[in-house]
Visitor: 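Can you keep this structure in mind? I'll have questions shortly.
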Amino acid sequence: MAKSGKSLKSTGSSRLLLLKGAQEKGENLDSERNDNLMANDYDAPLKLTELELREEIVRTLTTFDPNAPKYPVEFCFKTQGFVPKESYNHFLVHLNVASTCLHRDSEAAQEQLARMQDPGSPESGAKSKAPKIGTSTSEEKVEEEEDVEAEGGASAEEPGSEKPDEAAAEAEITPDPVVVAPAPTPVPVSVLPHKKLTNQFNFCERGSLTVNNPSREIFTQTNPPPRVTFSANVTQWGIYDAYMEEHAEQQEKEKEKKEKEKATLAPQKKEETKKVEVVQVKNASCAPEGAAKILERMTNQNTYDEIIQDFKYWEDPSDEFKDEEGTLLPLWKFSCDRAQNYTVTSICWNENCPDMFIAGYGSFDFKRRKAGLMCVYTLKNPSYPEHLVFVESEVLAVDIHQSQSSMIVLGLLDGNIEVYDLTKSSEIPLHSSNSVNNKHTAAVWQVRWSKESNQSEMTIYSISADGQVLSWSLMQNEMIKMTLISLTFPTEPINSDGTLCPLIGCGSALAFHPTENNIFLVGTEEGRIYKCSTAYTSIFLSESEAHYMPVQQVDFNRYNPSVYASSSGDWRVKIWEDDRKEPLFEFDLGSPVEDVAWAPYSSTVLAAVTADGRIHVFDLNVNKYRPLCQQAVTQKKKCKLTKVSFNPKHLILVVGDSFGCISSMKLSPNLRKKQKPPKKGMVVDHDTLEKLKLDKLLSLVREPNKPIMVLDTESAAN
Amino acid sequence: MAAEVEETLKRIQSHKGVFGTIVVNSEGIPIKTTMDNTSTVQYAGLVSQLADKARSVVRDLDPTNDLTFLRVRTKKHEIMLAPDKDYILIVIQNPSD
């Protein structure tokens, strides 16, 4: 450096270069040389004497920074002068590299050494790297160099030779790490963790990412399926209905199956036996079918509200003060436009449906023949009949079957008998006796269903003016008649031309015994009453000369069937007992008595209607001589009352008149007195009570051969 | 509709105190009426809803049961309705006449 410096051409600034090494020693020297130099020509090379050439100039390497100021001073504001400052550090940092080397004695290094002693560790490869690291450090890292080298030396058995081997065979060491480091190490290997110790400072997890398949989206769009929104409410009854339908379907299928079986099995049997097919007829239901009918009844209910209330609840309070008098409260009037010209000829109540009755319309005027009418009325609808059926000829008699109450038989003026079925509601009769032979030859006055026990055969009894009592049995397609009895006179058969021909009376009334089905009463137009039996066709069980005029009606007492009443055109109502020639009671009502009927609720009450438009109600228990009630039903004088009938259940009766109008009336309490049990506390049946009452009455009345004759003086005077 | 039902309706209409009769089908649309249009439409809609609700009540309580008729008596008159298989009959009457 120095020599080269001398050879340089020097200027004023290059003095430093020349004299760098000897700065401190020779300031004076410098000045000398400077003078020397300055004086000389710088371009010419320096000429030195030999002495000067041999002079040894000491050059020393120091650690002093040549650029540092020698005497640094600082201005101090406190003392207002310059103050020497301490010389600063002559330390220059040329390179600063952070390294991962550790001091051998530090804890971390110890740990690392310990781990490196571990035979399974793949860190033996790291040891070979150690000397490499050491060589790359700068001047300041002399200590680290030693450290690393010591490490490398400590770990290997033969430090010198093996290093290059290790370095060369770095890759091969890893499969055989056990051989490398069984050497005694300075680090004690008492407790070596086989697994990594993790703490928050030197634990690091390394995850690796596998190759992910790139995802791609592929979609297609189709037409959406057609959608319909459906909503429904499910209720318990909906489910029930569904089940019922299914059940019905199943039943039908079973039926079909059975029918098919029958058809295939026995087609022959049908030809052989000619059974009377059991006509399974439903009872005419009391409930109306269809909403229209219901509504009609409802409207009527509103209109006739007061009457309905009266019908149910009205009890005439004045009856308490009237001792032996009663009244009849008029309720509804049943009439039909079409029936204006007709006379009510018969009324019959429906036993099963106590608010329903059937009225037959005809006329007693035999001169003009016209169509007859039959109406079915119900108390619930007073304004119009439920059913209306026009019949060929005038209806004179009506009867409803006791159990199958939709079967109705009509007796007509022309001698025919027709059977209708109300459930079928057609104008055509179910059966008809319409043929030349198969009918009565005169008007049929009364028809009755027979009360038979088995329902397979239905029989009708009829009486007509031709003197025959016939029984008709209903077959599948026809009615077969059979003469029960012929009403012959007891007189000698006589004829004008001498031939013997029995005289036949005309029957006008028929009544069946309530309990014994075989016995019936017949009333004739000659005023006789015969007691007959279905078993004997030619003999009467008993006969009596009852009236002078035709017997209009005969009726058995329901509680004591040996007692019966008869009414006739000779103004009289007579009450008879079996085996008595004379009547028990006799009432003269002043006008032809058209009808008489016993009350169903009492054994001593009966009603009679007369041709002068009045109704008479008797209670024999209360008054044996007079009626309790005598009331005019119709206003017009010409109107005759023709029929009377008690309702089997309710306490009303209906009266038919000759102008086609039927009036219903409620019985006042006096007319329907109930019998109290003889001793208090005894619970006795109503029937028995009534029977007892009647018996008591009869025992009073029964006097040998002495009937009680009552003249109705009031009406007789009119 | 059956002739019998028509005849019955005619009779009801001529009855005392009846304002009008309406026949509504199962969807609530009036098919026959004797009243003016607006009232008919009103009555039909409202009353058929009421009928359905009433019927639902009755049948929910006992599925074997069914509604026979419904009367709604108001200050001025009385609405009566009777449901049938495919229709509902409505009658408005003034009962106190």
Side-chain angles (χ1 to χ4, degrees), chain A residues 232-248 285-309 332-338 375-378 380-390 422-427, chain B residues 1-26 32 51-53 55-73 77-97:
Chain A
N233 281 330
V234 179
T235 51
Q236 193 186 2
W237 49 270
I239 298 169
Y240 176 83
D241 279 346
Y243 274 120
M244 283 288 121
E245 268 182 38
E246 217 187 288
H247 185 69
S285 59
C286 305
E289 290 168 8
K293 289 209 165 166
I294 296 175
L295 266 182
E296 201 184 354
R297 289 192 185 188
M298 284 161 79
T299 3
N300 275 309
Q301 204 177 9
N302 277 337
T303 321
Y304 295 111
D305 187 42
E306 294 162 358
I307 298 179
I308 291 174
Q309 304 290 337
W332 304 281
K333 272 194 164 38
F334 299 90
S335 68
C336 178
D337 286 343
R338 296 188 183 169
C375 288
V376 180
Y377 281 101
T378 168
K380 296 176 185 171
N381 185 357
S383 59
Y384 200 77
E386 294 285 300
H387 286 290
L388 211 124
V389 181
F390 276 99
L422 278 183
T423 53
K424 306 221 169 133
S425 71
S426 67
E427 297 272 320
Chain B
M1 274 206 325
E4 215 183 289
V5 177
E6 300 239 2
E7 213 189 293
T8 313
L9 274 181
K10 230 189 330 180
R11 282 206 303 271
I12 294 175
Q13 180 58 36
S14 57
H15 208 85
K16 204 170 54 165
V18 171
F19 285 157
T21 55
I22 307 170
V23 182
V24 176
N25 73 353
S26 49
K32 196 168 196 272
D52 282 341
K53 188 68 184 173
R55 192 190 213 152
S56 180
V57 165
V58 169
R59 295 213 76 193
D60 264 343
L61 291 170
D62 178 8
T64 56
N65 209 350
D66 199 0
L67 179 69
T68 317
F69 67 84
L70 183 68
R71 279 178 189 266
V72 181
R73 198 156 209 173
H77 47 247
E78 180 163 353
I79 303 170
M80 300 182 280
L81 63 103
D84 205 337
K85 244 194 310 184
D86 353 299
Y87 55 87
I88 302 175
L89 285 174
I90 306 166
V91 168
I92 301 119
Q93 187 191 21
N94 193 346
S96 56
D97 269 344

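Naming convention: chains lettered A, B, ... in sequence-line order (proteins, then strands); numbering from 1 in each chain.
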Visitor: Which pair of non-hydrogen atoms, one from B:Val5 and one from A:Ala292, has the smallest distance, and what is that distance?
Guide: CG1-CB, 3.8 Å
Visitor: Rounded at 0.5 Å granularity, tell me how far CG in B:Leu81 sits from CG in A:Leu295.
Guide: 7.5 Å
Visitor: I want to check something: taking the side chain as every heavy atom from C-beta on, are A:Asn302 and B:Arg73 in contact at a cut-off of under 4.5 Å?
Guide: yes
Visitor: Within this structure, what is the NZ-CG distance for the pair A:Lys293 and B:Leu89, rounded to the nearest 0.5 Å?
Guide: 13.0 Å
Visitor: Would you indicate whether B:Arg71, at its atom CZ, is surrounded by more than 12 heavy atoms from other residues, nucleotides or ligands within a distance under 6.0 Å?
Guide: yes
Visitor: For the pair B:Gln93 and A:Thr303, evaluate side chain to side chain contact (heavy atoms under 4.5 Å, CB included) and give the outcome as yes or no after the intermediate values.
Guide: CA-CA 9 Å; B:Gln93 187 191 21; A:Thr303 321; 3.3 Å; yes
Visitor: Can you say whether B:Ile90 sits under 4.5 Å from chain A via the side chain, the backbone, both, or neither, judging by heavy atoms?
Guide: backbone
Visitor: Check B:Asp60 against A:Gln236 and note the closest heavy-atom contact, atom names and distance.
Guide: O-OE1, 3.0 Å
Visitor: Using every non-hydrogen atom in the two residues, find where B:Ala82 and A:Ala291 come nearest and quote the distance to one decimal.
Guide: O-CB, 3.3 Å
Visitor: Could you tell me if the side chain of B:Met80 sits less than 4.5 Å from the side chain of A:Gln301, heavy atoms only?
Guide: no
Visitor: Please check if atom CD in A:Gln309 has more than 12 non-hydrogen atoms from other residues, nucleotides or ligands closer than 6.0 Å.
Guide: yes
Visitor: Please flag which part of B:Ile92 lies under 4.5 Å from any non-hydrogen atom of chain A: side chain, backbone, both or neither.
Guide: neither
Visitor: Take atom OH of A:Tyr243 as the centre, draw a 6.0 Å sphere, and report whether it contains more than 12 heavy atoms from other residues, nucleotides or ligands.
Guide: no
Visitor: A:Asn300 versus chain B, heavy atoms under 4.5 Å apart: side chain, backbone, both or neither?
Guide: both
Visitor: Do B:His15 and A:Ser383 have side-chain heavy atoms sitting under 4.5 Å apart?
Guide: yes
Visitor: For the candidates B:Asn65, B:Ile12, B:Leu61, B:Val91, which exhibits the highest count of non-hydrogen atom pairs separated by less than 4.5 Å from chain A?
Guide: B:Ile12
Visitor: Heavy-atom distance under 4.5 Å between the side chains of B:Arg59 and A:Tyr240, does that happen here?
Guide: yes
Visitor: Atom OG1 in B:Thr64, atom CG in A:Asp241: separation rounded to 0.5 Å?
Guide: 10.5 Å
